[in-house]
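Okay, structure first, notes after.
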Amino acid sequence: MAVRKETIKQQFNAALPAVLEPGEQVLGGAYGVSGPNPLWAQGLLGLIGFLIFQMRYYYVALTDRRVIFMKASFWTSRPAGLGWSDPRDSITISDLSTDKKLWNWGRFSSPTKQDLRMNFHAFWREELKAMGDLLADRIAGPRLGPGAAGDPPTPPGDAPPPPPPAP
């Protein structure tokens, strides 16, 4: 069973070439789970919560052309085939949160899936931030966490004053 991030990346990077188009380049990826916050769904209800909420594990790979969802085994975290893929220009991401202590998330909408919530453990935060930066033009609404530079968001009412008028 793969539990180390590098092992999971290696396994999925080895499986991705089978689904890539000629000349397509992988830019990043992160391992996550669909559905409600796993802390509540699985943490409180265990395997029953996983089944009730129909949660599924995916490795989300971002390429220069598409977003690819590779299915992952619940028991071993190993690749279990292609889930689906969508062209980058057909997706919308909303409520992207990258500043939570344990589980970060975003809502993914495309012609294939509508309003799919994906949760990413804090181990995958940097990968999620990098993918968010690469898909910045596809994010609807504000990002709910600091950007790639790690700057905290400006609290409401604490905006910097406007520059003084030129003489």
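Side-chain atoms are counted along with the backbone in the values below, which use heavy atoms only and exclude waters and symmetry mates.
- Rounded to the nearest 0.5 angstrom, D86 CG and F69 CZ are separated by 7.5 Å.
- Between the side chain of D64 and the main chain of Q25, a donor-acceptor pair closer than 3.5 Å is present.
- Between the side chain of Q10 and the backbone N or O of T7, no donor-acceptor pair lies under 3.5 Å.
- Within a 6.0 Å radius of CD in Q114, more than 12 heavy atoms belonging to other residues, nucleotides or ligands are found.
- Residue D133 holds its CG atom at 11.0 Å from CG of L62, rounded to the nearest 0.5 Å.
- Side-chain atoms of K113 do not come within 3.5 Å of backbone N or O of F108 as any donor-acceptor pair.
- Using modelled atom types and a 3.5 Å distance limit, the side chains of S77 and Y57 yield no donor-acceptor pair.
- A donor-acceptor contact shorter than 3.5 Å is absent between the side chain of R56 and the backbone of K71.
- For the atom pair I68 CD1 and E24 CD, the distance stands at 5.0 Å (nearest 0.5 Å).
- In this model, a donor atom of one side chain and an acceptor atom of the other lie less than 3.5 Å apart for R66 and S85.
- Rounded to the nearest 0.5 angstrom, L134 CG and L27 CG are separated by 6.0 Å.
- When all heavy atoms of S97 and L128 are compared, the closest pair comes out as O-CD2, 4.0 Å.
- Between R4 and K9, the closest side-chain pair of non-hydrogen atoms is not below 4.5 Å.
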- Message: side chain to side chain contact (heavy atoms under 4.5 Å, CB included), that's the test. Do M70 and Y58 meet it? Break it down for me.
- Response: CA-CA 5 Å; M70 295 287 292; Y58 297 101; over 6 Å; no
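- When the side chain to side chain contact (heavy atoms under 4.5 Å, CB included) test is applied to R117, the partners found at least two apart in sequence or on another chain are N37, W105, R107, N119.
- The minimum heavy-atom distance linking L116 with S34 is given by the pair CD1-CB, 3.7 Å.
- Proximity of P36 to M55: side-chain heavy atoms (C-beta onward) are separated by under 4.5 Å at one or more points.
- To the nearest 0.5 Å, atoms OG (S94) and CZ (R138) are separated by 12.0 Å.
- A donor-acceptor pair under 3.5 Å is formed between the side chain of S90 and the backbone N or O of P87.
- When all heavy atoms are compared, the tightest approach of S73 to Y31 is O-OH, 4.0 Å.
- Heavy atoms only, all atoms of each residue included: R65 and G23 are closest at NH2-C, 3.4 Å.
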- Between L96 and N104, does a side chain to side chain contact (heavy atoms under 4.5 Å, CB included) hold up when you go through it step by step? CA-CA 8 Å; L96 182 61; N104 301 283; over 6 Å; no
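- Taking CZ of F123 as the reference point, atom CD1 of I8 lies at 10.0 Å (rounded to 0.5 Å).
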- Message: One pair to check against side chain to side chain contact (heavy atoms under 4.5 Å, CB included): F120 and R125. What are the steps and the verdict?
- Response: CA-CA 7 Å; F120 298 90; R125 181 177 293 130; over 6 Å; no
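- For residues 7-30, the pairs satisfying ring-ring contact (aromatic ring centres under 6.0 Å, His included) are F12-Y59, with sequence neighbours left out.
- By the ring pair (Phe, Tyr, Trp, His ring centres under 6.0 Å) test, F53 is found to be paired with no residue, residues two or more places apart in sequence or in another chain being considered.
- Proximity of a side-chain donor or acceptor of R78 to a complementary backbone N or O of Q11 within less than 3.5 Å is not detected.
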- Going through the checks in order, is the side chain to side chain contact (heavy atoms under 4.5 Å, CB included) test met by M118 and V33? CA-CA 6 Å; M118 284 296 299; V33 61; 5.9 Å; no
